[in-house]
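Heads up: the structure comes next, in structure tokens.
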Amino acid sequence: MKIATWNVNSLGVRLPHVEQWCRDVRPDVLALQETKLEDGRFPVAAVEALGYRCAFSGQKTYNGVALLARQAPREVLTDIPGLDDAQRRILAATVGDLRVVNLYVVNGQAVGSDKFAYKLDWLRKVTAFLAEELRRHPRLIVLGDFNIAPDDRDVHDPETWREQVLCSTPEREALKRLLALGLVDSFRQFVDGAGHYSWWDYRQGAFRRNMGLRIDLILASEALRPSLKAAAIDRTPRTWERPSDHAPALLELAA
DNA sequence: ATGGTCGTCCCACGA
């Protein structure tokens, strides 16, 4: 089965892209971030016409996460213990025999800013939540826009990005603590080298010049490790008209 | 020239 994550930067604008990509690639599970739609405006009918069931936690203008799946998502959870947060960044659900946690991690703006402190606090609380999810659901996938490039291989120009937001040591350490729960970055089970990115700034022709970061991740629990078959980032939708600044990341799991 | 683009919503702000 195929599991994917995609920051669409407004589902209102990108619904045609999601429809086209789902027809082309046929993922079984697709986690979306930055839908920027209130729940009442979520395109349920279009998603169902495409052959998917969905769950969503939306917000006007900012944030918003959703899960599309061939099988109906169950046990949906959008708020976690100890994090009283109006920002819609978390959606956990059970799909078949998998637990799936979709995250839109806080961007953090700049190292040392209030938003950066919020990012680190948010990650600490989400990590505690994931420890409990993993205990209850050993077959766990955690995926989404992490807004952290795990290491310098994931950065087009590590010197320019050194200790900048998305690449700083505190953020990378926070991600390592999350991984230490017993999760692996599935992409790195299959690809070792540098130069594979999932986000490119809209400015400066960054995509054309492959000046990107790999910040969209699919983490798999140890119990799933023997089932990992392939991982990739599909740059194709980034070449389409009016694209999201992110490309979808994919993981193939043995059925 | 110390920016450069988008999306949202009306004026900047967030990414």
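Naming: A, B, ... by sequence-line order, numbering from 1 per chain.
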Could you give the CZ-to-P distance, from F116(A) to dA15(B), as a whole number of Å?
14 Å

Given side-chain contact (heavy atoms from CB on, under 4.5 Å), test N210(A) with W200(A) step by step and report yes or no.
CA-CA 7 Å; N210(A) 199 27; W200(A) 302 261; 3.0 Å; yes

Can you list, pair by pair, the side-chain donor-acceptor contacts under 3.5 Å of residues 221-232 of chain A, counting residues two or more places apart and other chains?
from    : atom 1 : to      : atom 2 : distance (Å)
S221(A) : OG     : P138(A) : O      : 2.5
S221(A) : OG     : L140(A) : N      : 3.1
S221(A) : OG     : L140(A) : O      : 3.4
E222(A) : OE1    : R225(A) : NE     : 3.1
R225(A) : NH1    : Q189(A) : OE1    : 3.0

How long is the line joining CH2 of W199(A) and C1' of dG7(B), in whole Å?
15 Å

Show the numbers, then the answer: is there a ring pair (Phe, Tyr, Trp, His ring centres under 6.0 Å) between W21(A) and W6(A)?
CA-CA 11 Å; W21(A) 193 72; W6(A) 193 4; 5.6 Å; yes

Any protein N or O atoms within reach of nucleotides 2-5 of chain B? Criterion: under 3.5 Å, listing atom names and distances.
none

Take D145(A) and T5(A), measure what side-chain contact (heavy atoms from CB on, under 4.5 Å) needs, and give me the verdict at the end.
CA-CA 8 Å; D145(A) 177 357; T5(A) 181; over 6 Å; no

Can you give the donor-acceptor pairs under 3.5 Å from side chains of residues 243-255 of chain A to other protein atoms, not counting sequence neighbours?
from    : atom 1 : to      : atom 2 : distance (Å)
S244(A) : OG     : N7(A)   : O      : 2.6
S244(A) : OG     : H246(A) : N      : 3.0
D245(A) : OD2    : W199(A) : NE1    : 3.2
H246(A) : ND1    : D216(A) : OD1    : 3.3
H246(A) : ND1    : D216(A) : OD2    : 2.8

What's the spacing between T127(A) OG1 and L178(A) CG if we round to 0.5 Å?
4.0 Å

Please tabulate the protein-to-nucleotide N/O contacts below 3.5 Å involving nucleotides 12-14 of chain B, giving atom names and distances.
from    : atom 1 : to      : atom 2 : distance (Å)
dG14(B) : OP1    : K115(A) : NZ     : 3.2
dG14(B) : O5'    : K115(A) : NZ     : 3.2

Would you indicate, yes or no, if dC6(B) has its OP1 or OP2 atom less than 4.0 angstrom from a side-chain nitrogen or oxygen of S10(A)?
no

Let's go through N9(A) and K36(A) carefully: what are the C-alpha distance in whole Å and the side-chain angles of both, what is the deciding distance for side-chain contact (heavy atoms from CB on, under 4.5 Å) to 0.1 Å, and is it a yes or a no?
CA-CA 7 Å; N9(A) 185 18; K36(A) 302 186 179 179; 2.9 Å; yes

Taking CG from N7(A) and P from dG7(B), how many angstroms apart are they, rounded to a whole number?
12 Å

W200(A) CH2 - dC6(B) P separation (whole Å):
16 Å

Within this structure, what is the CG-to-P distance between D245(A) and dC6(B), rounded to whole angstrom?
10 Å

Taken to the nearest whole Å, CH2/W161(A) to P/dA15(B) is 13 Å

Lys/Arg N to Asp/Glu carboxylate O, D151(A) vs R188(A), below 4.0 Å:
no

Roughly, in whole Å, what's the span from CD in E34(A) to P in dA15(B)?
7 Å

Ring pair (Phe, Tyr, Trp, His ring centres under 6.0 Å) pairs touching residues 53-81 of chain A, sequence neighbours excluded, are F42(A)-F56(A)

Between residues 144-151 of chain A and DNA chain B, which residues have a heavy-atom gap below 4.0 Å?
none

